[in-house]
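These notes concern the structure reproduced below.
Every heavy atom of this structure was used, including side-chain atoms; hydrogens, water molecules and symmetry mates were not. Please read these numbers as outputs of a predicted model, since none were measured by experiment.
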Amino acid sequence: MVYLAVDSGTTNTMVLLVEDGRVTGDARKSVGVRNTSIAGNPSLLRNSLRELIESLAKEAPSPPRFVLAAGMITSSLGLLEVRHVVAPAGAEKLSQNVRMRVFPRVSHLPFFLVPGVRVNRPFCRLSNADRTDMIRGEETEIVGLLSKRKHNRPWLLIHLGSHAKAIQVNGRGQIVSSTTTLSGECLQALQTQTILASKLASLKPRELDERFFFHGLRCAKRNGLLRACFTVRLLEENPRHRPTELYSFLVGALLFSDLHAFESRGFLNSRKTPILLSGQPRLLAAWQLLLRKKRHDVEIVTRQERIAAFLAGLRTIVFASPVFRRWQSS
């Protein structure tokens, strides 16, 4: 069986060619729903998906039969909005709410779209905003990760990308709560669209200067995030400070803001709760450093493991869905 799998987020889209459960090709573009939000329409996302799908279809030994998709592609800024399911939610509830649709401007293939998960019911109000959250894409990765985790203990996934997310999973494999920040997008904007760009615009180090990182964290704690960001500007006037040190200070400041958001929801109260870290390598190192300093049990999900989990989650959710079974039997 040959098919395609799509993981489309805020800033990036990846398409995988899958043959009998094995990934035999991949293609990606730095295009996501942020482009839709800025442009006011999804044409760039549609065009990019069409190009990626067409290029991979040419590599396939036989024509792909369908497309499995999850992530922001199912949001109001994607190809089709698929309503979130409400937490607590696991593979069964997600399967029951998979949607099928053909997008002629993208491909003639049927798309099977996985819904996201919402914490609290719509619509968000001022009175319940602190307790409301939503995820798209991470739920699929979590279902895939669960297939490799044999115990039935609660655990926490911290996913680091354009957004930072802390997601609680209970002992029955259900997402029960989550909280999200914009720290990934903020880091990108601060590096490229502010006065800090002259030193930090193209810097993407995988290693941090630990001393500057924790100074940035403490500065944000004492003075607030925005003052800590301007402190980077003050530090860059000193020629002794390298760009990597300035970047480490900035990341520390942003992580304090995330840490405060996660701790305020009680997600990091217990050191006995296993924590999995997934996402951008340059942010994984920072979170690993921070959480191990606080004596939490931390496990890194590698990029290969994340892709495997995403695919396993797609198969588990979609192949068990009523809409896929009807399509197969038609």
Side chain of [X], backbone of [Y]: donor and acceptor closer than 3.5 Å?
X: S37; Y: V33; answer: no
X: Q191; Y: L200; answer: yes
X: T36; Y: L77; answer: yes
X: N128; Y: R131; answer: no
X: N238; Y: L235; answer: no
X: S48; Y: L45; answer: no
X: D20; Y: M1; answer: yes
X: E139; Y: G137; answer: yes

Say you draw a straight line from [atom1] of [X] to [atom2] of [Y]; how long is it, rounded to the nearest 0.5 Å?
X: E92; Y: T316; atom1: CD; atom2: OG1; result: 13.0 Å
X: N35; Y: K29; atom1: CG; atom2: NZ; result: 11.0 Å
X: I53; Y: L17; atom1: CD1; atom2: CG; result: 11.5 Å
X: S30; Y: N12; atom1: OG; atom2: CG; result: 4.5 Å
X: T181; Y: L259; atom1: OG1; atom2: CG; result: 11.0 Å
X: H163; Y: T11; atom1: NE2; atom2: OG1; result: 8.5 Å

Do you know the tightest heavy-atom contact between [X] and [Y]?
X: L190; Y: C229; value: CD1-SG, 3.8 Å
X: R271; Y: R295; value: CD-O, 3.2 Å
X: A5; Y: L314; value: CB-CD1, 3.8 Å
X: P322; Y: S95; value: CD-O, 3.6 Å
X: V85; Y: P115; value: CG1-CG, 4.2 Å
X: I142; Y: V169; value: CG2-CG2, 3.9 Å

Whether over 12 other heavy atoms sit under 6.0 Å from [X] [atom1]:
X: K93; atom1: NZ; answer: yes
X: R172; atom1: CZ; answer: no
X: E207; atom1: CD; answer: no
X: N223; atom1: CG; answer: yes
X: R222; atom1: CZ; answer: yes
X: R292; atom1: CZ; answer: yes

H84: partners by side chain to side chain contact (heavy atoms under 4.5 Å, CB included), with sequence neighbours left out: R118, M134, R136

Evaluation steps, side chain to side chain contact (heavy atoms under 4.5 Å, CB included), between Y3 and V67: CA-CA 6 Å; Y3 61 91; V67 181; over 6 Å; no

Verify same cluster id: [X], [Y] (apolar side-chain graph, 4.5 Å):
X: I300; Y: I167; value: no
X: V23; Y: L56; value: no
X: L156; Y: L146; value: no
X: F310; Y: I73; value: no
X: L208; Y: F212; value: yes

Output field: ring centroids H241/F249 closer than 6.0 Å: no

Near-ring test F111/F103, centroid separation under 6.0 angstrom: yes

Taking the side chain as every heavy atom from C-beta outward, state whether [X] and [Y] have any atom pair closer than 4.5 Å.
X: V102; Y: L109; answer: no
X: T74; Y: L80; answer: no
X: L254; Y: C186; answer: yes
X: F256; Y: L290; answer: no
X: V98; Y: L113; answer: no
X: L187; Y: Y247; answer: yes
X: K165; Y: T179; answer: no
X: L94; Y: V143; answer: yes

Positive for side-chain contact (heavy atoms from CB on, under 4.5 Å) with L16, one of L4, I307, T24: I307

Does a side chain donor of either [X] or [Y] reach within less than 3.5 Å of an acceptor in the other side chain?
X: N47; Y: R50; answer: yes
X: T180; Y: D133; answer: yes
X: T302; Y: E305; answer: yes
X: T13; Y: R28; answer: no

Test log, rule salt bridge (charged side-chain N to carboxylate O under 4.0 Å, His left out), inputs E51 and R46: CA-CA 9 Å; E51 292 169 9; R46 279 198 305 256; over 6 Å; no

Derivation and outcome, side chain to side chain contact (heavy atoms under 4.5 Å, CB included), residues L276 and I158: CA-CA 6 Å; L276 272 65; I158 296 180; over 6 Å; no

Parallel, tilted or perpendicular: rings of W327 and F324 (30°, 60°): tilted

Listed partners of R306 passing salt bridge (Lys or Arg N to Asp or Glu O under 4.0 Å), at least two apart: D7, E141

Sequence neighbours excluded, every pair satisfying side chain to side chain donor-acceptor pair (under 3.5 Å) that has a member inside residues 96-114: none

Residue pair Q288, L277: steps toward the side chain to side chain contact (heavy atoms under 4.5 Å, CB included) verdict: CA-CA 8 Å; Q288 184 178 30; L277 293 176; 4.1 Å; yes

Short N-O contact, E245 and K199, less than 4.0 angstrom: no

Check against side chain to side chain contact (heavy atoms under 4.5 Å, CB included), W287 and V298: CA-CA 9 Å; W287 271 100; V298 180; over 6 Å; no

